[in-house]
Number of protein chains: 2
Amino acid sequence: MSNFVVKPAKAAARPAQSPSTTPTSYDVAQKAGVSQSAVSRCFRPGSSISPKTRSRVIAAANELGYFPNAMASGLITKRSNLVAVLISNLTNLYYPEVLAEITRRLSDRGIRVLLFALQAESDVDAMLDQVWRYRVDGAIVAARLSPAQLLDFTRHRVPVVLYNRFGEGAPVPSVCCDSMGGERQLVERLIAAGHEVFGIISGPDDSYVSQERVRGAEHWLRESGREAVLVKGAFDYESGDAGLRALMEMTDRKLDALICANDLMAIGAIDCARTHFGIAVPQDLSVVGFDGVAPAEWASYRLSTVRQPVRRMTEAAVSMLIERINDPDLPPEVRTFAGAFIEGTSARFDARADSPA
Amino acid sequence: MSNFVVKPAKAAARPAQSPSTTPTSYDVAQKAGVSQSAVSRCFRPGSSISPKTRSRVIAAANELGYFPNAMASGLITKRSNLVAVLISNLTNLYYPEVLAEITRRLSDRGIRVLLFALQAESDVDAMLDQVWRYRVDGAIVAARLSPAQLLDFTRHRVPVVLYNRFGEGAPVPSVCCDSMGGERQLVERLIAAGHEVFGIISGPDDSYVSQERVRGAEHWLRESGREAVLVKGAFDYESGDAGLRALMEMTDRKLDALICANDLMAIGAIDCARTHFGIAVPQDLSVVGFDGVAPAEWASYRLSTVRQPVRRMTEAAVSMLIERINDPDLPPEVRTFAGAFIEGTSARFDARADSPA
DNA sequence: CTGTTAGCGCTTTCAT
DNA sequence: ATGAAAGCGCTAACAG
C-alpha cells in the first residue's frame, strides 16, 4: 500500500500548514522545493548551504513571512538567547541609563532582555520562578537578593552578574563602583577646604551601595580625626529635604558639609537649604552626592559628586556574563571601577580666604 | 520480541535524565511514580488531578528543583506569555515610570516583558525580527514605527497597542494623553493672565507627541488671536537652554510666556533664564511644560505643567492589549486621557496687578 | 552540500 | 482521575 504513495521529489516530509497559521520551516521547505533541514540551515549562521539553495529558501521565506521560532530552537539548543535583568527601583533616575545600556549591549550580541522590575523587595521569589521557567541563559541583577536566592542561580546553573551589589556569603561575579575611593575624593577635598561640621544622609538600610558609601565617608573622615552626624534617608528627593532638616537641628545649624549617599538626596538637600533655610550653597553649606545622574549637571545644582562610569560598568557586566554563559566554570570575578570626581559648584573645595582668624 | 519488554508499573515511558541536567517532567514523574502527563497537569491550573497525586508530584518537583519549561509549553500552546515592549529613549525621564508600571501590570497578569530599547530609530527592523521570532503574544509600542512596520504586526497576528502614538494610515489601538486639552489648560491661563509675547519650543520633528502639543498650543493661541514664535528642540535639557536663547533673540527679549513641549525642556529653559539671562521666573517670564515628571516638582522648579495620568494610561494599555490577545478581532480603539493641570510656580496665572496702565 | 531521522520538554486528545 | 501516544517547530547527527 504505502509503496504507492507518491512523494513529490525533494518535498517536505510533514504536511504543510494552512496559510492562516504562522508559517513553519516546512511551509518554506515545500515552497522552495527543498528539505526542512535545508531551511533550518539557512537561518543558522555557519551551516554549509549552497548559495543557490539559500537564495531560493530566502525567497520562499520572505514570501511567506517566515521567521524561525525561537522557542522551538531554544528547546533543542538549550539556549534561549534570553537574559533576565532584575532591577529593584527603575524610577531611581540612575537605573534607566543602566538598563538602556545593558539592553543595547546585549542586543548587540544577539541576546534579548527579559525584564523584571521589582517594586517591593517582596515578590522576588515569584519573579525567580519565572526566571527559571524561561530557561534564561544568564541574569544581571541590580536588586537585593538573599543568599538563598543567590544560591538558586547556582542550583539552576544560571550564570549571574551582580551590578553594584556584592554576593553575601558565597562569592558571586559582580561589577561595582568603588564607593570607598569615591567617597575619599569627596571627603578629603571637603576636609582640605576646611569644613568643620559634617553630616551624612544614608540610603535605605538594606542597600549595599548605601552601606558602602556611608562606611567610606565615615572612614575617610575618621582618618582625619573627624566625625559626622548620620541620618537615615531612602535615596529619594524627599530624603534629602528631611535629612537636611534633621541634621540642621542636630548640629544646631552648624552643619557646613553634607555628604549624601546619592545625587537625588543631594539635590533634595540643596533645594531644602535654599528654599527652606535660606542657606547659600556652597558658600554656607557644601553638599556632595554620588552617581552622576543627569539632573546633577543642571544649572540649578551643578552637583559636586562622583560619577559612576556607567558605560564601562555595563560593558563589563555584559561581557562577564557572556563569558560565564560560554564557560560556566569561570571563577567569580569582582570588577571594581573608580568613579570620576565631578567638581561641580555645590561644594566649596578651596581653603577659605576668610577662614577663622 | 517487544512482548517481552517489561515496564515498571506507572513509570515514565521515556528515560529519565541524569541528575546533572535540568530536571524534566519525566524525572519528576519517575520520582513520584506517576505518568509524565500527571506531572504536567499539576502545573496547569484547572486540570483534574487528585490531591493525593498532586502532593506527591509537588514533593518530587521540589526535591528535584523542577520548573516547567516555558519554551516547551509555549511551543505547543502557542502562547509565550511574553509581551514585547518597545521604547525609544528610555533615558527620557518620563519613560522609566511608564516602563515600570507596564512591567508590573503585565507581571500581575502572568506575562513577562521582552524589552526592546531603541536608541537610534534606525535599528527598528532588526528588533522587529526578534519580536517575530519570539512569538510574543502582543506588543506595547512607545516608539515611532513606519506604517509598514505597523502593518507587519497585523501580518504576524501580533496584537499591538501604541502608547502616546497614533497609527498613521491604518487605525491601531492606542492610549494617548490629550495634548490639545492639555495645552488648552496651559495656554488659556497664560492668556488670561495677560501674557503678550509667546514662544514655543517643540520636540523633535518625528515625534507625534511633539507635533500634537505644538499644534495644540498654536491652536489655542490663535483662538484668542495670538501667535507664538516657534523654535525647534529635541526634548532634552539642552534644548530648553538653546531654545530660550534663540527665542530671546528673536523676540528682542520681549518674550514673557514660554511653552515647552515637555518638562525637561521647560526645566532647561528655567535654568537658562535664571542663570544666563538673570530673568526671574515667573515674574518676568512664565514657563510651562508637559508630562509631570518627578523633577518638575522639585523646589527649584515647581513647574507649571500638565501631568499625564501614567497609572491610568498604562493600565489601559495593558488591559487593551490583553483583551486583544484574547480576542484578536476587537476593533482598534483609541483611548485618550485628560492630563491634570499642575499650577506650580513657574508661570504667572493671575492677572497682573501692575498690568499696563 | 543535502535529506533523513531522532528527539528537545511539554500539552493534549483519547482511552481506560 | 490517570496513562499512552502524538505531536508543537526546530536542530543535530548521520548518511549519502
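We use all heavy atoms of the structure for the numbers below, so side chains are in, but hydrogens, waters and symmetry mates are not. Numbered from 1 within each chain, the chains take letters A, B, ... in sequence-line order.
- Proximity of B:Thr24 to the phosphate of C:dG9: no side-chain N or O atom is located under 4.0 Å from OP1 or OP2.
- A heavy atom closer than 4.0 Å to some atom of DNA chain D occurs in B:Ser48, B:Ile49, B:Ser50, B:Thr53, these being the qualifying members of residues 45-54 of chain B.
- Look at CG on A:Asn81: it is 20 Å from P on C:dC8, rounded to the nearest Å.
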Could you walk me through whether A:Val172 and A:Val141 pass the side-chain contact (heavy atoms from CB on, under 4.5 Å) check? CA-CA 11 Å; A:Val172 179; A:Val141 175; over 6 Å; no

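- Distance, A:Arg135 CZ to C:dG9 C1': 8 Å, rounded to whole Å.
- One atom, CG of A:Asn69, and another, P of D:dG7, lie 18 Å apart when rounded to the nearest Å.
- Relative ring orientation between B:Trp132 and A:Phe67 is described as tilted, the plane-to-plane angle lying within the 30° to 60° band.
- Atom CD of B:Gln130 and atom CD1 of A:Ile111 lie 11.0 Å apart (nearest 0.5 Å).
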Walk me through it: do A:Glu168 and A:Arg144 pass the test salt bridge (Lys or Arg N to Asp or Glu O under 4.0 Å)? CA-CA 10 Å; A:Glu168 317 155 72; A:Arg144 188 176 190 79; 3.6 Å; yes

Tabulated below should be each protein N or O lying under 3.5 Å from an N or O of nucleotides 11-15 of chain D; please produce it.
unit_1 : atom_1 : unit_2  : atom_2 : d
D:dT11 : OP1    : A:Arg44 : NE     : 3.1
D:dT11 : OP1    : A:Arg44 : NH2    : 3.3
D:dT11 : OP2    : A:Ser40 : OG     : 2.3
D:dT11 : O4     : A:Gln36 : OE1    : 3.3

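- Under 3.5 Å, the side chains of B:Thr314 and B:Arg105 contain a donor-acceptor pair of N or O atoms.
- Atom CZ of B:Arg311 is surrounded by 12 or fewer heavy atoms from other residues, nucleotides or ligands within 6.0 Å.
- To the nearest angstrom, C1' of C:dA6 lies 14 Å from CG of A:Leu75.
- Atom CZ in A:Arg79 sits roughly 19 Å away from atom C1' in C:dG9 (whole-Å rounding).
- A salt bridge links B:Glu101 with B:Arg104: at least one charged nitrogen is closer than 4.0 Å to a carboxylate oxygen.
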